Amino acid sequence: MNPARRLLLANKSWAQERRAIDPEFFQRLAAGQQPEFLWISCSDSRVPETQLTVTDAGELFVHRNVANLVRADDANVLCVLQYAIEALKVHHVIVCGHYGCGGVKAAMNGAPPGRLSQWLAPVADIYQRHRQQLDLLSEDERWAKLVELNTVDQVHRLAETDVIRNAWAKDVYPYLHAWVYSLPEGLIQPLLTLSPKGPQKLL
Ligand SMILES: [Zn+2]
């Protein structure tokens, strides 16, 4: 079977099953969304946000890109952020990096010049900033540490956006979370939570 056809058939049976369990399910979703979370993660196919957080349709507003970056020159992520905070009023923004991230590795090893290396330049900058400390580690440890540093850095970048500054001038929300997902374990580890009052211990 054509692989794309497999997805369409799977969708049909999923819709039938959901309707059988909960006849109002799709009508409720069609009426509007009130997600509590904005989820920002890598495009990697092994980080399926709703599966690994056991959330349903309507619970996560999602933005994904290579290496889960929040770039001040990326209109896409900034529009997603603005809509999530100002219109949907999400209370939690989660940046979830993942160990084994190919984007982070490419930045660490020097991606070939081109669009991808330009995109990954902020990760390469983080590597350079922490190079003395990182180069003492084995390659795998260095890779994992850079994944963590990159994820935390994106949360600080979020905190510097006008959208978050404006929100924090009026409210204690949103909380900004840096999490990292382990592919071999299937587990998320929280690294940092920021609020207008500074770092928080929520977990
Ligand atoms: Zn990745």
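Since this is a predicted model, take the numbers as computed values, not measurements. One-based numbering, in listed order, for ligands and for the atoms of each.
- Residues satisfying the ring-ring contact (aromatic ring centres under 6.0 Å, His included) test with Y127, not counting sequence neighbours, are none.
- Note: the hydrophobic cluster containing V90 does not contain W39 (ILVMFWY, side chain heavy atoms under 4.5 Å, direct or indirect links).
- You'll find the side chain of L137 reaches within 4.5 Å of the side chain of L134, heavy atoms only.
- Legend: residues meeting ring-ring contact (aromatic ring centres under 6.0 Å, His included) with H156, ordered by chain and number and at least two apart, are absent.
- Y99 and E148 are linked by a side-chain donor-acceptor pair at a separation below 3.5 angstrom, with hydrogens and angles left out of the test.
- Residues that satisfy the ring-ring contact (aromatic ring centres under 6.0 Å, His included) test with F61, not counting sequence neighbours, are Y83.
- By the criterion of a separation under 2.8 Å, the protein N/O/S atoms near the Zn ion (ligand 1) amount to C42 SG, H98 NE2, C101 SG.
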